[in-house]
Student: 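Sharing a structure below in structure tokens format, with a few things to ask.
The figures here come from the full heavy-atom set of this structure, side chains too, leaving out hydrogens, waters and symmetry mates.
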Amino acid sequence: MELLLFKTLWGHPGTPNSGGDLAVAAGFDGIEAPAVGPQGHLAELEYTLDANGLEWIQEICTAGSYVPERHATVREHLKDLEAQIRLGAAIQPRFINVMGGCDAWRISQSVAFFKDALELGEKYGVQLSFETHRGRSMYCPWNTVDILEQVPEMRITCDFSHWVVVAERLMDSEWDAITLAAEHAHHIHSRVGYDQGPQVPHPGAPEYAECLASHQRCWEAIWQAQVRRGYSQTTMTPEFGPDGYLHHLPFTNAPIADLWDLNRWIGATEKEHFAQVMNS
């Protein structure tokens, strides 16, 4: 199995074209980004992908941004999902990473949403991968287990940093949930969280070594499950980000690290880690 790395445009301060240049220079294989953006965004994204031979993972947030509109209905989430699928169709994404649903919904509402969302994916001929994201239906391991048991055909994007901060513990204690998630895993967001936050200051810092090792055990479980399921390629987006995730110094508000340096570091580290796992 081959590992492909994707550069997120979340937190990237420049244009899609400059993001593409950074991705190529770091040896990444593609870009993960939404089709929605300022005027000209989609055209520039398409040019960047074509000019650099990069693949695209489309990102969709339903009914809002990363946090959904609190009282948006299942139907409104589905309507927004379909509109964004249609918007990105011309560029033909490798697949679509969906931050869908709402954490405040009953399990039955989430199940209804995901079942109808999968029908939209079939209608438009695109693979949907639903992310384990705070604020969304799969914000914690236990809800995710309930949903996956009722919608077994789902494929998911595993960002376990969200579960770590929600549960206030590393996921080694929830291995049944990790094992089930691995059987449905299509994509990984490789951010490292800790018990009080979704993003460690630096994943290479020795004081966070156990956090990194715990996340790596979870990613290994995914890779091993994907090999058993016949995957010839697997995808990962290093997703250290801004917006309160990146730690800043008090008073000066200066960031303590460069985002792209963090994401390049985790990308290179996981390339090496993946090779070790596949060769063991």
Student: Side-chain contact test, heavy atoms from C-beta onward, threshold under 4.5 Å: evaluate it for Q150 versus I107 and give yes or no.
Tutor: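 They are in side-chain contact.
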
Student: Are the side chains of R136 and H77 in touch, meaning some heavy atoms are under 4.5 Å apart?
Tutor: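 Side-chain contact under 4.5 Å: yes.
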
Student: Is there a side-chain contact between I256 and L249 in this structure, where contact means two heavy atoms from C-beta onward sitting under 4.5 Å apart?
Tutor: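 The answer is yes; the side chains approach within 4.5 Å.
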
Student: How far apart are the closest heavy atoms of E183 and A225, and which atoms are they?
Tutor: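 Reported closest heavy-atom pair: OE2-CB, 3.6 Å.
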
Student: Is a side-chain donor or acceptor of H187 paired with a backbone partner of T157 at a separation under 3.5 angstrom?
Tutor: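 Not a single qualifying donor-acceptor pair exists.
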
Student: Is the distance between the ring centroids of F130 and H186 less than 6.0 Å?
Tutor: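 Judged by ring-centre distance (under 6.0 Å), F130 and H186 do not meet the cut-off.
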
Student: Roughly how far, to the nearest 0.5 Å, is CD of E69 from OG1 of T62?
Tutor: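 Spacing of OG1 (T62) from CD (E69) equals 9.5 Å.
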
Student: Rounded at 0.5 Å granularity, tell me how far OG in S161 sits from CD in Q199.
Tutor: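 If I round to the nearest 0.5 Å, the distance is 8.0 Å.
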
Student: Centres of the H202 and W265 rings: under 6.0 Å?
Tutor: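 They qualify: ring centres under 6.0 Å apart.
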
Student: Give, for atom CG of D29 and atom OG1 of T235, the distance between the pair rounded to the nearest 0.5 Å.
Tutor: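 Answer rounded to 0.5 Å: 10.0 Å.
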
Student: Are side-chain heavy atoms of I266 and L212 found at a separation under 4.5 Å?
Tutor: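 Yes. Closest side-chain heavy atoms under 4.5 Å.
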
Student: Hydrophobic clustering (ILVMFWY, side-chain heavy atoms < 4.5 Å, transitive) - are I222 and F95 grouped together?
Tutor: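 As far as the 4.5 Å side-chain criterion goes, I222 and F95 are not connected within one cluster.
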
Student: What is the minimum heavy-atom distance between G101 and P68, and which atoms define it?
Tutor: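 Answer, listing the atom of G101 first, then P68: O-CG, 3.8 Å.
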
Student: Would I147 end up clustered with L180 when hydrophobic side chains under 4.5 Å apart are linked, directly or stepwise?
Tutor: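 Yes, it is one cluster - the side chains of I147 and L180 are joined through contacts under 4.5 Å.
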
Student: Do L170 and F240 share a hydrophobic cluster (ILVMFWY, side-chain heavy atoms under 4.5 Å, transitive)?
Tutor: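 Same cluster.
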
Student: Give a yes or no on whether the backbone of H12 and the side-chain of W260 come within a donor-acceptor separation of less than 3.5 Å.
Tutor: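 Absent.
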
Student: In terms of ring plane angle, is the pair Y245 and W10 parallel, tilted or perpendicular, where the classes change at 30° and 60°?
Tutor: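 Geometry flag for W10 against Y245: perpendicular rings.
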
Student: Is the F160 ring parallel, tilted or perpendicular to the W163 ring (thresholds 30°, 60°)?
Tutor: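 Ring orientation, 0 to 90° scale: tilted.
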
Student: Which side-chain N or O atoms in residues 203-211 pair as donor and acceptor under 3.5 Å with protein atoms at least two apart or in another chain?
Tutor:
{"unit_1": "E210", "atom_1": "OE2", "unit_2": "R217", "atom_2": "NH2", "d": "2.6"}

Student: Quick check: do I156 and M154 have side-chain heavy atoms less than 4.5 Å from each other?
Tutor: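 Yes, their side chains come closer than 4.5 Å.
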
Student: Could you see if W223 belongs to whatever hydrophobic cluster contains V227? Use Ile, Leu, Val, Met, Phe, Trp, Tyr and a side-chain cutoff under 4.5 Å.
Tutor: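 Both belong to a single hydrophobic cluster.
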
Student: Please report the C-alpha distance between V277 and W219 in whole Å, then the side-chain angles of each, then the deciding distance to 0.1 Å, and finally whether the side chain to side chain contact (heavy atoms under 4.5 Å, CB included) criterion is met.
Tutor: CA-CA 10 Å; V277 171; W219 301 334; over 6 Å; no

Student: Between atom CD of Q224 and atom CZ of R229, what is the distance when rounded to the nearest 0.5 Å?
Tutor: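 Interatomic distance, Q224 CD to R229 CZ, rounded to 0.5 Å: 12.5 Å.
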
Student: Mind running side chain to side chain contact (heavy atoms under 4.5 Å, CB included) on S110 and N143 for me, showing each step along the way?
Tutor: CA-CA 9 Å; S110 293; N143 277 34; over 6 Å; no

Student: With the side chain counted from C-beta on, respond yes when R134 and Y66 share a heavy-atom pair under 4.5 Å apart, and no when they do not.
Tutor: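 Not in contact.
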
Student: Go through it in stages, so that I can follow the logic: the residues are T237 and N97, the test is side chain to side chain contact (heavy atoms under 4.5 Å, CB included), and I'd like the CA-CA distance, side-chain angles, deciding distance and then a yes or no.
Tutor: CA-CA 11 Å; T237 299; N97 179 55; over 6 Å; no

Student: So, does R191 use its side chain to make a donor-acceptor pair with the main chain of P198 at under 3.5 Å?
Tutor: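 Yes: the side chain of R191 pairs with the backbone of P198.
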
Student: Between L9 and I96, is there a shared hydrophobic cluster once you connect ILVMFWY residues whose side-chain heavy atoms come closer than 4.5 Å?
Tutor: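 Looking at the clustering, I96 is in a separate group from L9.
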
Student: Could you give me the CA-CA distance, side-chain angles and deciding distance for E59 and M99, then say whether side chain to side chain contact (heavy atoms under 4.5 Å, CB included) is met?
Tutor: CA-CA 8 Å; E59 175 190 292; M99 280 155 274; 3.3 Å; yes

Student: Side-chain contact, heavy-atom cut-off 4.5 Å: T8 with H189?
Tutor: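 Not in contact.
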
Student: Describe, in one word, how the ring planes of H133 and H162 are oriented to each other, choosing from parallel (under 30°), tilted (30 to 60°) and perpendicular (over 60°).
Tutor: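 Rings of H133 and H162: tilted, as their planes differ by 30° to 60°.
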
Student: So K7 and E32, do their side chains get closer than 4.5 Å, heavy atoms only?
Tutor: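 Contact flag for E32/K7 side chains = no.
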
Student: Do you know the tightest heavy-atom contact between W56 and L49?
Tutor: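 In this case the closest contact between W56 and L49 is CB-CD1, 3.4 Å.
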
Student: With a cut-off of 3.5 Å and sequence neighbours excluded, list every side-chain donor-acceptor pair involving residues 113-128.
Tutor:
{"unit_1": "K123", "atom_1": "NZ", "unit_2": "E82", "atom_2": "OE2", "d": "2.9"}
{"unit_1": "Y124", "atom_1": "OH", "unit_2": "E82", "atom_2": "OE2", "d": "2.5"}
{"unit_1": "Y124", "atom_1": "OH", "unit_2": "R86", "atom_2": "NH1", "d": "3.3"}

Student: Can you name the side-chain hydrogen bond (donor to acceptor under 3.5 Å, both in side chains) partners of Q216, sequence neighbours left out?
Tutor: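 So Q216 forms a side-chain hydrogen bond (donor to acceptor under 3.5 Å, both in side chains) with E270.
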
Student: Between the side chain of K79 and the main-chain N/O of A63, is any donor-acceptor distance below 3.5 Å?
Tutor: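 No, because the side chain of K79 does not come within donor-acceptor range (under 3.5 Å) of the backbone of A63.
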
Student: Roughly how far apart are L54 CG and L4 CG, rounded to 0.5 Å?
Tutor: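 Spacing of CG (L54) from CG (L4) equals 11.5 Å.
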
Student: Measure the spacing between OG of S137 and CG of D146 and express it to the nearest 0.5 Å.
Tutor: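 Taking OG in S137 and CG in D146, the distance rounds to 12.0 Å.
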
Student: Keeping the roles fixed (side chain from R94, backbone from I57), state whether a donor-acceptor pair exists under 3.5 Å.
Tutor: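 It does not hold such a pair.
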
Student: What's the shortest heavy-atom distance between P242 and G11, and which atoms?
Tutor: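 Reported closest heavy-atom pair: CG-CA, 3.5 Å.
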
Student: Judged by atom type as modelled, is there a donor-acceptor pair below 3.5 Å linking the side chain of R264 to the main-chain atoms of L22?
Tutor: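 Answer holds: no.
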
Student: Counting only N and O atoms by type, is there a donor-acceptor contact under 3.5 Å from the side chain of H215 to the main-chain atoms of C218?
Tutor: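 No.
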
Student: Is it true that a side-chain atom of Q84 and a backbone atom of C61 form a donor plus acceptor pair closer than 3.5 Å?
Tutor: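 Yes; judged by distance alone, with no hydrogens or angles, the pair exists.
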
Student: Checking R75 side chain against T73 main chain: does a donor-acceptor pair fall under 3.5 Å?
Tutor: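 No, R75 side chain to T73 backbone: no donor-acceptor pair under 3.5 Å.
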
Student: Where do A167 and W142 come nearest, in terms of heavy atoms and distance?
Tutor: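 Closest approach of A167 to W142: CB-CH2, 3.8 Å.
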
Student: Please find the pair of heavy atoms, one from D80 and one from G64, that lie closest to each other, and give the distance.
Tutor: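 Here D80 and G64 meet closest at OD2-N, 4.1 Å.
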
Student: Tell me if a side-chain donor or acceptor on E174 pairs with a main-chain N or O of M171 at a distance below 3.5 Å.
Tutor: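 Flag not set: sc E174 to bb M171 has no pair under 3.5 Å.
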
